[in-house]
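Because only heavy atoms are used, hydrogens play no part in the values below, and waters and symmetry mates are left out as well, while side chains stay in.
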There are 2 protein chains.
Amino acid sequence: MEAGKREIAQRLMESFIRFTKLNRPQGPIAGLTPGEAHVLFCIGRAGGPEAPGIRVSEISDSLKVTSPTITQFIKGLEERGFVERTADKEDRRAVRIKLTEKGAQAIEEAHKALLASFEGLVTHLGEEKSNLLAELMVEVVSYLREKKKTGLHG
Amino acid sequence: MEAGKREIAQRLMESFIRFTKLNRPQGPIAGLTPGEAHVLFCIGRAGGPEAPGIRVSEISDSLKVTSPTITQFIKGLEERGFVERTADKEDRRAVRIKLTEKGAQAIEEAHKALLASFEGLVTHLGEEKSNLLAELMVEVVSYLREKKKTGLHG
DNA sequence: ATAAATTAGTAAGCAACCTAATTATATGGA
DNA sequence: TCCATATAATTAGGTTGCTTACTAATTTAT
């Protein structure tokens, strides 16, 4: 039924547009912009205080943004004491980035706030619907990823 | 079950973050940036060629952005011949904005492209799941709207 | 008449991205 | 060994889509 399909697409489109608008984060959390929090999360995931620290290129790969973008974020985060840069001894082109104590605390705070807001959503929808939604969103993400890949040479 | 709830929230959070990243539009459609297309859609919805045209304030209310943002978009769109400005005769502070022929064509093209991409998603998920997703997203949107409202004075 | 509100616009700036070019270092092959 | 090439990070500058603060013109209410 083609008409049904178009109608569903229309509804999906509208809800996604509204979602995108509303989902834009309003203000900073723990003194971090949303983008900074993202980068900081990525650094935090990369290992504890004993680890050598993550590289700029690894962050940019992981977050799918270019390395100059990461450099800019790191610059701001370092100035404000959230991260530390150290030279890599085995590859002197590389830079190792680690969280400071302040950075680790900021992550914890931001993570709590973020999770709390999603827990609010789960409470609103109920666990069953939330599960369903998460599954569907995973499928949407895999579709978008596929589309983006083939879209480049198709 | 608190542990379950947190786990669901976590999965929801991750899928939403990935979605947001992938859903960012890549390039212009019909010579319009995504933002311009949005504004043009809004102008198009406001009435046909015989209507008096929409006001800047009406667009900004509808799209939930400030009026200077709209002014900037209109400026660019007028320069490139997508819209026309005319003075309102009954309220000389106001400006009436209408689509040109070129603008109407651009909307049609952009709308087709957008709808086609969502139809691709509907095909991928199937109609049943797509319907479900649209319904869930409507609930998410209403939750976010509510949260944003109460968040301001709570 | 005058104060208050409204409409649109300008100026300046921020967040989060991008590309192109540059610097420093690493590495494989003639 | 030396050179060409590749890689790591950075700098410089641009884009998109928003913001706030302000001005000018006009309308409305007192």
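Of the residues in residues 33-43 of chain A, those placing a heavy atom less than 4.0 Å from an atom of DNA chain C are A/Thr33, A/Pro34, A/Gly35, in numerical order. Of the residues in residues 46-66 of chain B, B/Val65, B/Thr66 come within less than 4.0 Å of DNA chain D through at least one heavy atom, sorted by number. Listed in residue order, the members of residues 68-82 of chain B having a heavy atom less than 4.0 Å from DNA chain D are B/Pro68, B/Thr69, B/Phe73.
Residues forming a side-chain contact (heavy atoms from CB on, under 4.5 Å) with B/Arg93 (at least two apart in sequence, or on another chain): B/Asp91. Residues satisfying the side-chain contact (heavy atoms from CB on, under 4.5 Å) criterion with B/Lys98, sequence neighbours excluded, are absent altogether. Residues passing the side-chain contact (heavy atoms from CB on, under 4.5 Å) test with B/Ile54 are B/Cys42, B/Ile43, B/Ala46, B/Glu58, B/Ile59, B/Ile97, sequence neighbours excluded. Under the rule for a side-chain contact (heavy atoms from CB on, under 4.5 Å), the partners of B/Thr20 that lie at least two apart in sequence or sit in another chain are A/Asn23. Not counting sequence neighbours, B/His38 has no partner by the ring-ring contact (aromatic ring centres under 6.0 Å, His included) test.
Under the 4.0 Å criterion applied to side-chain N and carboxylate O atoms, B/Glu84 and B/Lys102 are not assigned as salt-bridge partners. Between B/Lys5 and A/Glu127 there is no salt bridge, since no side-chain N of the basic residue sits under 4.0 Å from a carboxylate O of the acidic one. Under 4.0 Å is where a charged nitrogen must lie from a carboxylate oxygen, and between A/Glu36 and A/Arg80 at least one such pair does.
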Quiz prompt | side-chain contact (heavy atoms from CB on, under 4.5 Å) assessment of B/Val83 paired with B/Thr100 | solution = CA-CA 5 Å; B/Val83 300; B/Thr100 60; 5.5 Å; no
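Looking only at side-chain heavy atoms (C-beta outward), A/Ile107 and A/Phe82 stay at 4.5 Å or farther from each other. Residues A/Lys147 and B/Leu22 are not in side-chain contact: their nearest non-hydrogen atoms beyond the backbone lie 4.5 Å or more apart. Using a 4.5 Å heavy-atom cutoff, the side chains of B/His111 and A/Met13 are in contact.
Using cut-offs of 30° and 60° on the angle between ring planes, the pair A/Tyr143 and B/His124 is tilted.
Residue-level contact check: A/Arg96 touches neither bases nor backbone, having no heavy atom under 4.0 Å from any strand.
For DNA chain D, the contact window with chain B, defined by any atom under 4.0 Å from a protein heavy atom, covers D/dT16 to D/dT27 in 5' to 3' order.
Applying the side chain to side chain donor-acceptor pair (under 3.5 Å) test to pairs two or more places apart or on separate chains, those with a residue in residues 70-79 of chain B are B/Glu78-B/Arg85. Within the structure, the side chain to side chain donor-acceptor pair (under 3.5 Å) test picks out the following pairs touching residues 60-70 of chain B (sequence neighbours left out): B/Thr66-B/Thr69.
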Enumerate the protein-to-nucleotides 24-27 of chain C contacts in which both atoms are nitrogen or oxygen and the separation is below 3.5 Å.
{"residue": "C/dA26", "atom": "OP1", "partner": "A/Arg92", "partner atom": "N", "Å": "3.0"}

